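Okay, structure first, notes after.
Within every chain, numbering begins at 1; the chains are lettered A, B, ... in the order of the sequence lines, protein sequences first and strands thereafter. Worth saying up front: this structure is predicted, and the values here are computed from it rather than measured.
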Amino acid sequence: MARANEAVAALLQEYADLMSITGGDAFKVRVYEKAARSVDTHPADVGTLDVKGLQQVPNVGKSIAEKIVEYLAHGRIAAMDTLRAKIPPGVRELTAVPGLGPKKAMALYEELGIANVDELEEAIGEGRLAGLRGFGAKTVENLRHGIELSRSSGGRSLIHDAMMIAEEAVGLVGAVTGCLRCCHAGSLRRLRETIGDIDILAAAVEPGPLMAAFAGWDRVREVIVRGEKKTSVRLVDGPQVDLRVVPPESWGAALQYFTGSKEHNVRIREIAVRKGLRLSEYGLFRVDDDSLIVSETEEEVYERLGLAWVPPTLREDRGEVDAARAGELPELIGVEDIRGDLHTHTNLTDGVSTLEEMVAAARARGLRYYAVTDHAKDLPMQRMTDAKMLAQRDRLRGLPAGRPTLLHGTELNIDPDGGVDWDADFLAGFDVCVASVHSHFNQSPDELTRRLVRACENPYVNIIGHPTTRQIGRRAPIEPDWDAVFAAAARTGTAMEINSHPDRLDLPDHLILRAKRHGVRFAVDTDAHAATHLAHLRYGVGLAQRGWLTADDVINTWSLTKLRAFVRAKR
DNA sequence: GCCGTTTTCGGCCCGACTGTTTTCAGTCG
């Protein structure tokens, strides 16, 4: 059974949105938003909790707890129905148009009866917004443009695409005379799986030349805002990039501020307020006399608030603030902890680089061990045979000894019943086996659960590859009973993969957190199909960090001896 | 509506930019 948390969180968020549109108390709106996020990230299934249990969830008090119970029992909330009756659902969708918030959406509905984006587009076309208070010619043109934008792009960028753009922008702005520091911030620095806007932060005494260079970048399609401290542009290939320039002495406070997340920053500022302080992108100030306390480094800002420095990948208001206050932040895994890659391909199947090229790339990256895991024989497209696999093993064993130590593995295909390509005798010849789902994605949750549990129970399966099979923006994740799958993985000594490929990033962070609670081990792999893909490791490690993992949680940070013992223990 | 190192009531994060209602509301991050 899927947890009720997602549905309840969506409902609370909708309640907050409707309240905001109808002009409800802004503080109340915020509470519902906070409660929605708390429920979404709460470890326990809220569907199993009573009113008292629900009140243990942060930001859920008596009133919201009762609404959740009402929803769980009857599938609806009376107060919600009342609000929904006031506002057609399309009005809420209006606020997704850039430049159109709750106030203007409500005005459009009340004054002109506009109840969805299509009607807004029509009204603009007919000039019916003219004369409406707050809707001058420029606003109307911005709305028309906003509709166009939300229809065309709308989507978020894959992390690797955003990173390439950010690195180019940092190179451009950083090279301007007078630029003292420049780096990317925002969700990209937090290594979220997809990126909306790309944030670039720079330090300079005179921002003008930096802004000019940025606005003149040859990839810019349009300049959205252009000010002294902030310039936003949209690139020809879609994404929006924001440049903020701050005085050099504000660097730490600014980096903290522009890294976000918004929710993390709200928590941090609330702590500041309780201490009689005010935190902005310019520094931490005393409220009474407006004097500056600290601003030069992030560490100082956190420290002055009584917190340990929080790694960017944890800044999502998922408990990291309390952990930082208690000195209980995890020692997060880093790229340098990874000693080997356990899921890679060559041109023997669908990779593009040769065995020798892949091994050379692994050596260049300083890996201690490296597993070649081409596809097994049950995927007909890959034309694998027993003979070809054994020949690859001979070729691999024949390569000169040295680092990395080469392991011969395979990526097995988990069939619809949970079986894999070869029998025990053949499987015993491999050093390590990944097993993954590549088809029959729309089995029922029960079938998928049995399938994955059976794969975990196979003594030769060491790692479940890209467990949800999602492809970001293209294929939805499968939805077995993850708690049952993770329990089986923990019980059998089977690792869950954290696949570093930018369009997979699988497991996603919320499932990593869930799996860890079952005591599951993980393998951060690249699933490289070309030598250049080994560099994607940083995204997988970022994802592992977002799941609060330490090096010890991840089997390919272990020594080869310990890794071999992990494999042997299961056989 | 929630919360508490200013605790059971009185607060609730901060600033940039735009457009328009020309002194500020709305939106965004």
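dC2(B) and dA16(B) have their C1' atoms separated by 30 Å, with the value rounded to a whole Å. Comparing the P positions of dC3(B) and dT8(B) gives a spacing of 16 Å, expressed to the nearest Å. Of the C1' atoms belonging to dC12(B) and dG19(B), the separation is 29 Å, rounded to the nearest Å. If you take atom P in dC17(B) and the same atom in dG11(B), they sit 31 Å apart, rounded to whole Å. dC14(B) and dT6(B): their P atoms are spaced 16 Å apart (whole Å). On the C1' atoms, dT5(B) is 23 Å away from dG1(B), given to the nearest whole Å.
Taking a heavy-atom distance under 4.0 Å as the criterion, the stretch of DNA chain B touched by chain A extends 5' to 3' from dG1(B) to dG29(B).
If you find the closest nucleotide of DNA chain B to Lys275(A) and to Tyr32(A), the one lying nearer the 5' end belongs to Tyr32(A). Checking Gly136(A) against Gly61(A), the closest nucleotide of DNA chain B that is more toward the 5' end is the one next to Gly61(A).
When heavy atoms are screened at a 4.0 angstrom cut-off, Ile268(A) is found touching no nucleic acid atom at all. Using a 4.0 Å heavy-atom criterion, one finds that Gly186(A) contacts no nucleic acid atom at all. Within 4.0 Å of Tyr257(A), counting heavy atoms only, lies at least one base atom of the nucleic acid. Across all strands shown, Lys62(A) has heavy atoms under 4.0 Å from sugar-phosphate atoms exclusively, and none from any base. At a threshold of 4.0 angstrom between heavy atoms, the contacts of Val246(A) with the nucleic acid are absent.
Judged by Watson-Crick or G-U wobble contacts below 3.5 Å, the nucleotide dG15(B) has dC28(B) as its partner.
The aromatic rings of His264(A) and Tyr302(A) are tilted relative to each other, their planes meeting at an angle between 30° and 60°. Taking the six-membered ring where the residue is Trp, Tyr15(A) and Tyr32(A) present tilted rings, their angle falling between 30° and 60°.
Screening Asp199(A), Ile159(A), Ile165(A) for a side-chain contact (heavy atoms from CB on, under 4.5 Å) with Leu188(A), the sole residue that qualifies is Ile159(A). Between Ile64(A) and the choices Leu54(A), Val31(A), Val51(A), Val8(A), the side-chain contact (heavy atoms from CB on, under 4.5 Å) rule is met once, by Val31(A).
Residues forming a side-chain hydrogen bond (donor to acceptor under 3.5 Å, both in side chains) with Ser261(A) (at least two apart in sequence, or on another chain): Glu263(A).
Near DNA chain B, meaning a heavy atom under 4.0 Å from it, residues 15-26 of chain A has Asp25(A) in order of number.
Residues Glu14(A) and Arg84(A) are paired through a salt bridge, judged by an N-O separation under 4.0 Å between the basic side chain and the carboxylate.
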